[in-house]
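Just so you know, ligand 1 is whichever comes first in the structure, and atom 1 is the first atom listed for that ligand. Heavy-atom basis, side chains included; hydrogens, waters and symmetry copies ignored.
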Amino acid sequence: MRYLIDSADVEAIRKTISFYPVAGVTTNPSIVAKSGKDLKTVLTEVRSVIGPQRMLHVQVLALRAEDMSEEAKRIRDFCGENTYVKIPVTEEGFAAIQKVSAAGIPVTATAIFTPQQALMAAVAGAKFAAPYVNRLDNIASGGVNVAAEAHRLLQMHGMDCEVLAASFKTVEQIHQVIMAGVSCVTIQPEFFAKLTSHPLTDTAVADFVSQGKRYYNL
Ligand code: G3P
């Protein structure tokens, strides 16, 4: 199981990493825009916070396959190892996924709304496929089910590609996607605490401290 942070908020990333086991960070043009910083500045900051070992997923902005491939090379050169280039699954995107993957740059296929898009991306060479769970739920199209079917398709056909489920607005969506077998999710920083905090845990800890403190002299 791998949890990634879907954000370019450097302080939030730093704080989340200090507490939780984080496998990497995912961004897209909207997330970069929200940071208010230019792409290279924010990627430099994020990379320095997460270190060289964690994954960094960065999306292309170009629309034509050739331009996407050029942008992918520039992203990879700039961000270094463990960088995945995110490419949306348009027709041009599928052409780019093939080119970029063939050039040895790992690809995350993104903006996925159907299981077949995920399978096609995997066949094209993508290493991750990112279905947008909440955006599907927003149009009553069963985001969890789409992510689950994408996961089953990739497994059933022995693809070297994993579902990296994205676009969450509730803990229940995250829980159900993971229960369906998806083992990679990218979530906003605040979800790490929402997934794991419980008042009874806090009560238990407070009781341990008050009852044990007279006897603990290590
Ligand atoms: O990584 C992008 C994806 O998470 C989109 O999320 O919240 O804009 O639907 P959202």
Side-chain angles (χ1 to χ4, degrees), residues 1-10 12-13 16-17 20 22-37 39 42-43 45-47 49-50 54-63 68 71-72 75 79 82-90 93 96-97 100 106-115 117-118 121-122 126-148 150-151 154 161-178 180 182-195:
M1 181 70 215
R2 280 173 289 178
Y3 298 95
L4 289 89
I5 304 174
D6 201 24
S7 173
D9 178 335
V10 176
I13 293 168
T16 306
I17 282 177
Y20 298 99
V22 171
V25 165
T26 56
T27 64
N28 64 32
S30 309
I31 288 171
V32 170
K34 204 170 157 196
S35 79
K37 297 171 188 167
L39 180 67
V42 79
L43 292 180
E45 289 178 8
V46 170
R47 181 49 95 193
V49 168
I50 67 175
R54 291 187 178 89
M55 293 185 282
L56 178 56
H57 297 243
V58 182
Q59 193 163 325
V60 296
L61 192 62
L63 299 175
M68 289 179 185
E71 224 180 316
I75 288 169
C79 298
N82 291 319
T83 298
Y84 289 72
V85 175
K86 290 175 70 180
I87 299 178
V89 290
T90 57
I97 291 169
V100 173
V107 171
T108 296
T110 194
I112 287 180
F113 290 89
T114 74
Q117 288 176 324
K127 293 294 178 199
F128 288 102
Y132 281 10
V133 176
N134 188 66
R135 292 193 196 192
L136 281 156
D137 283 353
N138 280 344
I139 54 166
S141 294
V144 169
N145 193 48
V146 168
H151 172 66
L154 298 183
C161 177
E162 275 188 75
V163 168
L164 167 54
S167 175
F168 291 103
K169 286 295 168 290
T170 69
V171 168
E172 183 64 11
Q173 289 167 333
I174 301 168
H175 175 64
Q176 292 303 335
V177 160
I178 294 170
V182 170
S183 56
C184 251
V185 295
T186 185
I187 58 179
Q188 289 154 359
E190 57 270 25
F191 276 119
F192 285 82
K194 285 184 183 169
L195 276 166

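The proximity of Tyr132 to ligand 1, defined as any non-hydrogen pair under 4.0 Å, is limited to the side chain.
In this structure, Asn28 is part of the shell of residues with a heavy atom less than 4.0 angstrom from ligand 1. Ligand 1 has no atom lying under 4.0 Å from any heavy atom of Thr186.
The two residues Met55 and Ile50 come nearest to each other via the heavy atoms O-CD1, 3.7 Å.
Atom CZ of Arg135 sits about 7.5 Å away from atom NZ of Lys169, to the nearest 0.5 Å. Here the CD1 atom belonging to Ile187 is positioned 5.0 Å from the CG atom belonging to Leu195, to the nearest 0.5 angstrom. The distance from atom CG of Leu56 to atom CG of Asn82, rounded to the nearest 0.5 Å, is 9.5 Å. The distance from the OH atom of Tyr84 to the OG1 atom of Thr26 is 13.0 Å, given to the nearest 0.5 Å.
Summary of contacts: the protein heavy atom closest to atom 7 (O) of ligand 1 is Lys169 NZ, 2.7 Å. Of the protein's non-hydrogen atoms, the one nearest atom 3 (C) of ligand 1 is Asp6 OD2, 3.6 Å.
Interface atoms of ligand 1 facing Lys86, defined by a heavy-atom separation under 4.0 Å, are 1 (O). Per-residue contacts place Ala166 under 4.0 angstrom from the following atoms of ligand 1 (heavy atoms of the residue considered): 3 (C), 4 (O). Every atom of ligand 1 with a heavy atom of Arg135 under 4.0 Å away is listed here by number and element: 5 (C), 8 (O), 9 (O), 10 (P).
With contacts defined as side-chain heavy-atom distances shorter than 4.5 Å, the pair Phe191/Val185 does not qualify.
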